J.: 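First, the structure itself, so that you have it in front of you.
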Amino acid sequence: MSLRRYGSLTVEISREEKPLFPGEGITKGDLIDYYEAVYDRMRSHLEDRPLVLRRFPDGIEKSGFYQKQAAEHFPDWIRTTRVQKQNGHQDLVVCDKKATLAFLADQATIALHGWLSREDRPDNPDRLVVDLDPSKDGFAPVRRAALRCRELLDEIDVPSFVKTTGSRGLHVVVPLDRRADFDSVRAFARELAGILAERFPDDLTIEQRKRKRRGRIYVDVGRNAYAQTAVLPYSVRARPGAPVAVPLRWDEVERGRIEPDSFTIGNLFRRLARTEDPWRSFRRRRISVTKAARRLENRKEEQQS
DNA sequence: GGGGCGA
DNA sequence: TCGCCCCAACGCCGG
DNA sequence: CCGGCG
Ligand SMILES: [Mn+2]
Ligand SMILES: [Mn+2]
């Protein structure tokens, strides 16, 4: 057992040498090192956001579990927030310091998923996510879908940001001013998805039924709802190679060199050292969904005339 | 990873 | 003392 | 209302 100190807090680390990614020999100690080092970049995406933990105490080759309710035995300095659910409430972890991230990593939390809203206004998302899910292999169509999504948003002066998920797809993310609730945001997102699928019916679909997708990319906006989550920027994924969800610049998507597993625990720091935060302007560019929806309506009218 | 519980 | 179990359930949508 | 989906 070893100890790591974070200011006045001490985290007991158990079994640093335990392999969590046996294929690559990546250990729990490596995971903790990673999250320690990435905390400063991750911080703005963690702040005030209820978390869902994806834990793999016996490594990614064994089954893991999701954890929402913070365990009784978590230290008292781990902050939690009470959220309402169908039949009562739950206390979810909120990460407000590096020590929390280190503790969660020691608990074999490989991936962190976050609500799209923050604790002070849980019904009003601060980001809209267009989740592009390929139904077959090949990343080029996903990159193209993301660029088409950005293009549509550009047409109505809505800023957009893109990240790899570390899995198979991409997320296109729009920062919101939180004046609109989930129902309004989702209605707008569904409108966007519908237009995209209409423009590119051979490549994109909004069909929920897998069988009806026919190999096309699923433009999933269903995550824009209360208590739903998306993988957080810089989260590791429980997949071979220890891939990471990484914010990108749009020109990187245009160049077409990025693959879903381009960034991993093992190579992300080269990038962080060389590249400034591609989402640096995220907060500055928050928008009103109500106004954006109005611009989308106007545009549709002028196009049919 | 760690607590609770029944054998 | 040891082995086993638990650790999320929810919200939306189309039919 | 059910079942599928993520
Ligand atoms: Mn996805
Ligand atoms: Mn999805």
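On a predicted model such as this, the values are computed, not experimentally measured, just so you know. Heavy atoms only: backbone and side chains are in, while hydrogens, waters and symmetry mates are out. Numbers restart at 1 for each chain; the letters A, B, ... are given by sequence-line order, proteins then strands.
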J.: Rounded off to whole Å, could you give me the CZ-to-P distance for the Arg211(A) and dG15(C) pair?
T.: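 Rounded to the whole Å, the gap is 13 Å.
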J.: On DNA chain C, compare the nucleotides closest to Val52(A) and Gln86(A); which residue's is nearer the 5' end?
T.: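 Comparing both residues, the 5'-ward one is Val52(A).
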J.: Closest approach to the side chain of Pro57(A), judged atom by atom: which nucleotide of dG1(B), dG6(D), dC13(C) is it?
T.: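 So the side chain of Pro57(A) is nearest to dG1(B).
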J.: In terms of heavy-atom contacts, does CZ of Arg295(A) have more than 12 from other residues, nucleotides or ligands at under 6.0 Å?
T.: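 Check passes, neighbour count above 12.
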J.: Taking the six-membered ring for Trp, are the ring centroids of Tyr35(A) and Tyr234(A) within less than 6.0 Å of each other?
T.: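 Tyr35(A) vs Tyr234(A): aromatic centres not under 6.0 Å.
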J.: What about the rings of Trp250(A) and Phe161(A), do their centers lie closer together than 6.0 Å?
T.: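 That pair fails the under 6.0 Å test.
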J.: May I ask you to verify whether the side chain of Gln228(A) and the base of dG6(D) hold a donor-acceptor pair under 3.5 Å?
T.: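 Looking at the base of dG6(D), it does pair with a donor or acceptor on the side chain of Gln228(A) (distance under 3.5 Å).
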J.: Considering only atom P, compute the distance from dC5(D) to dA9(C) and round it to an integer number of Å.
T.: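 Their P atoms lie roughly 22 Å apart.
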J.: Check whether any side-chain N or O of Lys212(A) sits under 4.0 Å from OP1 or OP2 of dG15(C), and answer yes or no.
T.: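 Answer is yes, contact under 4.0 Å.
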J.: Nearest whole Å is fine: how far is dG11(C) P from Gln90(A) CD?
T.: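 Value for this atom pair: 10 Å.
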J.: Please report the distance, rounded to the nearest Å, between CD in Glu207(A) and P in dC13(C).
T.: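 Result: 14 Å.
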J.: Base of dG1(B), side chain of Arg15(A) - is there a donor-acceptor contact under 3.5 Å?
T.: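 Under the 3.5 Å cut-off, the side chain and the base do not form any donor-acceptor pair.
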J.: Is Gln69(A) touching bases, backbone alone, or none of the nucleic acid, heavy atoms closer than 4.0 Å?
T.: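 The answer is sugar-phosphate, as Gln69(A) gets under 4.0 Å only of primed atoms, P, OP1 or OP2.
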J.: Does Arg213(A) have a side-chain nitrogen or oxygen under 4.0 Å from the phosphate oxygens OP1 or OP2 of dG6(D)?
T.: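 Yes, because at least one side-chain N or O of Arg213(A) sits under 4.0 Å from OP1 or OP2 of dG6(D).
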J.: Output yes when Arg82(A) and Asp91(A) qualify as a salt bridge under the 4.0 Å nitrogen-oxygen rule, no when they do not.
T.: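 Yes, charged N to carboxylate O under 4.0 Å.
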J.: What is the distance, rounded to the nearest whole Å, between atom OH of Tyr66(A) and atom P of dC5(C)?
T.: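 From Tyr66(A) OH to dC5(C) P: 22 Å.
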J.: Whether Lys210(A) contacts dG6(D) is assessed here as follows: a side-chain N or O lying under 4.0 Å from the phosphate OP1 or OP2. Is that the case?
T.: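 Looking at the OP1 and OP2 atoms of dG6(D), one of them is under 4.0 Å from a side-chain N or O of Lys210(A).
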J.: Rounded to whole angstroms, how far apart are CD1 on Ile60(A) and C1' on dG1(B)?
T.: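 Atom CD1 in Ile60(A) sits about 18 Å away from atom C1' in dG1(B).
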J.: If the P atom of dG4(B) is compared with that of dA8(C), how far apart are they to the nearest Å?
T.: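 Going atom to atom, P in each nucleotide, I get 15 Å.
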J.: With sugar-phosphate meaning primed atoms plus P, OP1 and OP2, does Gln208(A) contact a base, only sugar-phosphate, or nothing at under 4.0 Å between heavy atoms?
T.: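 It contacts base atoms.
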J.: What's Asp58(A) touching, base or sugar-phosphate or nothing? Going by heavy atoms closer than 4.0 Å.
T.: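 Counting heavy atoms under 4.0 Å across all strands, no contact is made by Asp58(A).
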J.: Output yes when at least one side-chain N/O atom of Arg186(A) is less than 4.0 Å from OP1 or OP2 of dC12(C), else no.
T.: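 It does, given that an N or O in the side chain of Arg186(A) lies less than 4.0 Å from OP1 or OP2 of dC12(C).
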J.: Do Ser2(A) and Glu16(A) have side-chain atoms, one donor and one acceptor, less than 3.5 Å apart?
T.: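 On atom types as modelled, these side chains qualify, holding a pair under 3.5 Å.
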J.: Of the listed nucleotides (dG6(D), dG11(C), dC12(C)), which one gets closest to any side-chain atom of Tyr226(A)?
T.: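 Nearest to the side chain of Tyr226(A) among the choices is dG11(C).
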J.: Using the side-chain contact (heavy atoms from CB on, under 4.5 Å) rule, pick out the option among Glu259(A), Glu254(A), Arg148(A) that qualifies with Arg143(A).
T.: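 Exactly one pass, corresponding to Glu259(A).
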J.: With respect to the phosphate group of dG1(B), does any side-chain polar atom (N or O) of Lys28(A) fall under 4.0 Å of OP1 or OP2?
T.: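 Yes, Lys28(A) has a side-chain N/O under 4.0 Å of OP1/OP2 on dG1(B).
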J.: Which whole-number value in Å describes the distance from Arg209(A) CZ to dC12(C) P?
T.: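 Computing the Arg209(A):CZ to dC12(C):P distance gives 17 Å.
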J.: Could you tell me the separation between the CD atom of Glu72(A) and the P atom of dC5(B), rounded to a whole number of Å?
T.: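 Between P of dC5(B) and CD of Glu72(A): 12 Å.
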J.: Roughly, in whole Å, what's the span from CG in Leu53(A) to P in dA8(C)?
T.: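 Between P of dA8(C) and CG of Leu53(A): 9 Å.
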J.: Any idea which of dG2(B), dA8(C), dC12(C) is nearest the Gln107(A) side chain?
T.: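 Side chain of Gln107(A) sits closest to dG2(B).
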J.: Think Lys68(A) has a side-chain N or O under 4.0 angstrom from the OP1 or OP2 of dC7(C)?
T.: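 It does not, given that no N or O in the side chain of Lys68(A) lies less than 4.0 Å from OP1 or OP2 of dC7(C).
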